[in-house]
Amino acid sequence: MPALAPNSILISEVGPRDGLQSVATVMPTADKKRWITALYAAGLREIEVGSFVPARLLPQMADVADVVAHALTLPGLTVMALVPNLRGAQAAIAAGVHKLTLPVSASQAHSLANVRKTPDQMIEEVRLIAALRRDTAPQVGLEAGISTAFGCTLQGAVAEDEVIRLALECARAGVDEVGLSDTTGYANPAQVRRLFGRLRSALGQQAGAAHMHNTRGLGLANCLAALDAGVRTFDASLGGLGGCPYAPGASGNVVTEDLVFMFEAMGLSTGIDLQALIAARAPLQAGLPGEPLYGMTPDAGLPQGWAQAAP
Ligand code: ZN
């Protein structure tokens with residue numbers, strides 16, 4: 001990974017993976033491709049385009065190899081995919097993915113429900129994937145995301161010591177960086193500042209991205225707290241796509257449009273053109289008619305005299 005310039009922020013768009021897997025409707029492949037092209041045109045240079053999981057478990061991702069092939073035609077784009085196990089990693093590497101992200105849950109209950117493994121069994125899987133990468137595809141990036149790092153719907157509180165222990169285990173297992181995910185929208189800014197501070201002390205340059213959800217309206221506040229703690233890579237989802245289909249009004253990931261607005265207004269550079277980003281909602285909506293999209297900035301419009309920092 002090239003180091004970011006000072007004042008630069010990397011926004012990693014996760015809507016085509018995290019967003020789409022939370023929505024019951026399957027987006028047609030052609031619409032996914034149009035949407036990814038529009039995100040790229042807005043300036044996004046890292047997109048998590050899908051996950052390599054069995055289609056019977058997630059029919060939304062059945063076309064992931066096809067979507068990856070399309071994303072690989074966009075020059076300078078880092079094409080990411082989520083892989084929950086070695087088999088997924090093999091398929092993703094065969095498809096030509098640039099960077100893999102591996103979910104390691106800090107909650108025992110969530111881990112068993114999500115990947116049918118304990119957190120420590122999942123670390124074993126990370127070790128196997130890191131060995132596969134080392135032996136067959138050393139050019140491929142590898143990051144782990146500690147999910148339910150800030151609390152868990154099934155288990156409740158998650159011990160911070162356990163989060164840091166697992167992050168260290170992932171680094172020892174051979175990943176390049178380890179991020180923290182607020183999978184359930186439980187995090188608050190004080191906790192985010194503290195836990196990312198600890199992650200940074202433990203891992204140094206291997207401390208990775210903040211993956212925040214907006215379930216309780218604290219997505220932006222939590223990203224700002226992570227920024228204060230030194231984080232420079234942020235996951236976000238266009239239109240806040242995702243959330244829970246059984247909880248009307250519950251939004252999913254932090255909204256990319258609002259996050260870009262916040263950072264650019266602060267004088268930080270994301271490389272993303274906000275107007276073009278808002279225009280990328282059209283192909284998303286065309287592929288998922290009737291799906292609610294969130295975001296305050298798209299609703300309110302850009303402030304008068306809006307000028308973005310030079311990239
Ligand atoms: Zn998420």
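Please read all numbers here as calculations on a predicted model, not as lab measurements. Counting starts at 1 for both ligands and their atoms, following the listed order.
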Looking at side-chain heavy atoms only, is the closest gap between Cys170 and Val104 below 4.5 Å?
->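 Cys170 reaches Val104 side chain to side chain.
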
Give a yes-or-no answer on whether the side chains of Asn253 and His211 include a donor-acceptor pair shorter than 3.5 Å.
->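 Their side chains do contain a donor-acceptor pair, which is all the 3.5 Å distance test asks for.
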
When you check the side-chain N and O atoms of His70 and Thr37, is any donor under 3.5 Å from an acceptor?
->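 The criterion, which ignores hydrogens and geometry beyond distance, is satisfied for Thr37 and His70.
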
Residues 197-206 vs side-chain hydrogen bond (donor to acceptor under 3.5 Å, both in side chains), sequence neighbours excluded, gives Asp161-Arg198

By residue and atom, what protein N/O/S atoms are less than 2.8 Å from the Zn ion (ligand 1)?
->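 Per the 2.8 Å query on the Zn ion (ligand 1), atoms found are Asp18 OD2, His211 NE2, His213 NE2.
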
What pairs of residues pass the salt bridge (Lys or Arg N to Asp or Glu O under 4.0 Å) test when at least one of them lies in residues 139-155, not counting sequence neighbours?
-> Lys99-Glu143

Hey, could you give me each pair passing ring-ring contact (aromatic ring centres under 6.0 Å, His included) that has a residue in residues 76-120? Not counting sequence neighbours.
->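 Qualifying pairs, neighbours excluded: none.
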
